[in-house]
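Quick notes on the structure that follows.
Position 1 is the first residue of the sequence, and the numbers go up from there. Excluded from the calculations below are hydrogen atoms, water molecules and symmetry mates; all remaining heavy atoms, backbone and side chain alike, are included. Ligands are counted one by one from 1 in listed order, and the atoms in each one are counted from 1 as well.
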Amino acid sequence: MAYRVLLLPGDGIGPEVVSQAQRVMEAVSAQFGLQLEFDSADLGGIAIDRQGDPYPSSTQTLAKSADAILLGAVGGPKWDVLPASARPERGLLAIRADLDLFCNLRPALLFPQLAASSSLKPELVAGLDLLIVRELTGGIYFGQPRGIETSTAGIRKGFNTDVYDEVEIRRIARLAFQFAQKRGGRLCSVDKANVLEVTMLWRDVVSELASDYPDVELSHMYVDNAAMQLVRAPKQFDVLLTGNLFGDILSDTAAMLTGSIGMLPSASLNADSRGLYEPVHGSAPDIAGQGKANPLATILSAAMLFRYSLDQSEAADLIEKAVEHVLDSGLRTADISGKESEFVTTQTMGDAVVAAISTLA
Ligand code: NAD
C-alpha cells in the first residue's frame, strides 16, 4: 500500500530542512519496503507570492487527500507589512482549522549528547523527557469576536476572545490522559483557573474525566507557576496538558531546555490520526539560504509522522536512533555546536542521518 505524503516546505529555512527530511523518509522507507508518494504544495508567504492566498485551494485539495503532511515553516519580514488577516501565519492557522488538527504534541526530549547546550545546568535537564499536549484549534487564537476598533473619540481598542466549550476540552483531555497512560502515568493540566472563567471550566472538565483513567495521576497547575517550574525543575513533568495560548508559550520555553529550537519536532493530529508534522521553530529568516539550519527537528517530525499517522513505529524508531547515532559521532550544526567555527551544514547533517539509517538498519 502506498502512503501519500504532502510536503509543504514554506518559507525561509523551510525548504532547506524539508528536503533533508524527505531524503531521510525515502531512506527509511527503502529499508522497510514502504511505498511513499510525495506531493508538494505552497503554504504561507510563498503561497501569497505565487497564488495570492496563504492557504490556496490547490494546497487544500492535496492536504485533504494526504495520509500525512510535513511542513517546514512559514513567514518572514517580507510579508510582515501585510494586514494580520493576509499574513503567511494565517495559512498555518487555516490548515490547522480546516483539517481539525486539534491535538498538538510537542515532546521535549533532551538528547544526553546535548546536555551542555541547554540553558539550564546539566543536572537539572539530564534525562528530561516530557510531552506537551496543546489544544490547537480553539481558545484565544480562534475565538470571536476579535479585532481592532476605533471609538467615536478616536481611541483604538484591540480585543480577542478566549473561549472553549466542554466538548473541545474533553476531546483533547482524553488524548492527554491516553498519552500519560503510555508514558509515565502522570498528567499535569495547566490553566489560570484563579482568574479566567474559561479555564475554570477547563479544570472542571479535566477533573471529571480523571475517574476514567485511574492509572493516571492528575494534577493541576496555574500557568505562571508552570512557567516557573519548567525552568526550576522540569523533570517533575511527564505529560503537560494545556490550551492554545499557554501551550504556545510553554512549549517554546521547554524548547530551550533541550538545547536548541532546531531539535524540537511536533505533531498536530485530528480525530482520525491524520496529521501535520512540523518543527517547532519558525522560518529563521536570519539564517535562510546559508546552509546553517539544523534539519534535525524536521527529521524528528518525520519520525513522528511514521509513528502517529502511518502506524510505522519501527521506521520512526530507526530515524530517532539514526539521529542519536549522528549526535554521538559529534556532528553539530551551528545552533548546537557551542563553538563559533566547528559546525556542519544542513546538507551534511542530512547526509549523515541518511547514512546512519543504512548502517543501523
Ligand atoms: P524562529 O524560530 O524562526 O527563529 C528564532 C531563532 O532560532 C533565530 O535566531 C533562528 O536563526 C534560530 N533557529 C530557528 N530554527 C533553527 C534551526 N532549524 N536551526 C538553527 N537555528 C534555528 O522564530 P522567529 O525569528 O520568531 O520567527 C521568524 C519567522 O518565522 C516569523 O515570520 C514568524 O512568524 C515565523 N514563525 C513560523 C512558525 C511556523 O511556521 N510554525 C513558528 C514560529 C515562527
Minimum-distance protein heavy atom relative to atom 42 (C) of ligand 1: Gly282 CA, 3.6 Å
Whether over 12 other heavy atoms sit under 6.0 Å from Asp165 CG: yes
For ligand 1, the portion of Asp80 having any non-hydrogen atom under 4.0 Å away: neither
Non-hydrogen protein atom less than 4.0 angstrom from atom 40 (O) of ligand 1: yes
Atom 32 (O) of ligand 1 touched by protein heavy atom at under 4.0 Å: yes
Nearest non-hydrogen protein atom, atom 7 (O) of ligand 1: Ile261 CG2, 3.8 Å
4.0 Å heavy-atom contact, Ala297 with ligand 1: no
Identified side-chain contact (heavy atoms from CB on, under 4.5 Å) counterpart of Leu8 within the set Leu62, Ile95, Asp42: Ile95
Distance under 6.0 Å and angle within 45° of ring axis: Arg171 vs Phe102: yes
Sub-4.0 Å heavy-atom approach of Ile287 to ligand 1: yes
Ion pair check, Asp191 and Arg203, cut-off under 4.0 Å: yes
Per-atom contact, atom 27 (O) of ligand 1, protein heavy atoms, under 4.0 angstrom: no
Shortest protein contact, atom 10 (C) of ligand 1 (heavy atom only): Asp286 OD1, 3.4 Å
Arg307/Glu320 ion pair, N-O < 4.0 Å: yes
Gly76 neighbourhood, listing ligand 1 atoms whose heavy-atom distance to it stays under 4.0 Å: 32 (O)
Under 3.5 Å side-chain donor-acceptor pair for Thr348 and Thr345: yes
Verify atom 14 (C) of ligand 1: protein non-hydrogen atom under 4.0 angstrom away: yes
Protein non-hydrogen atom found under 4.0 Å from atom 5 (C) of ligand 1: no
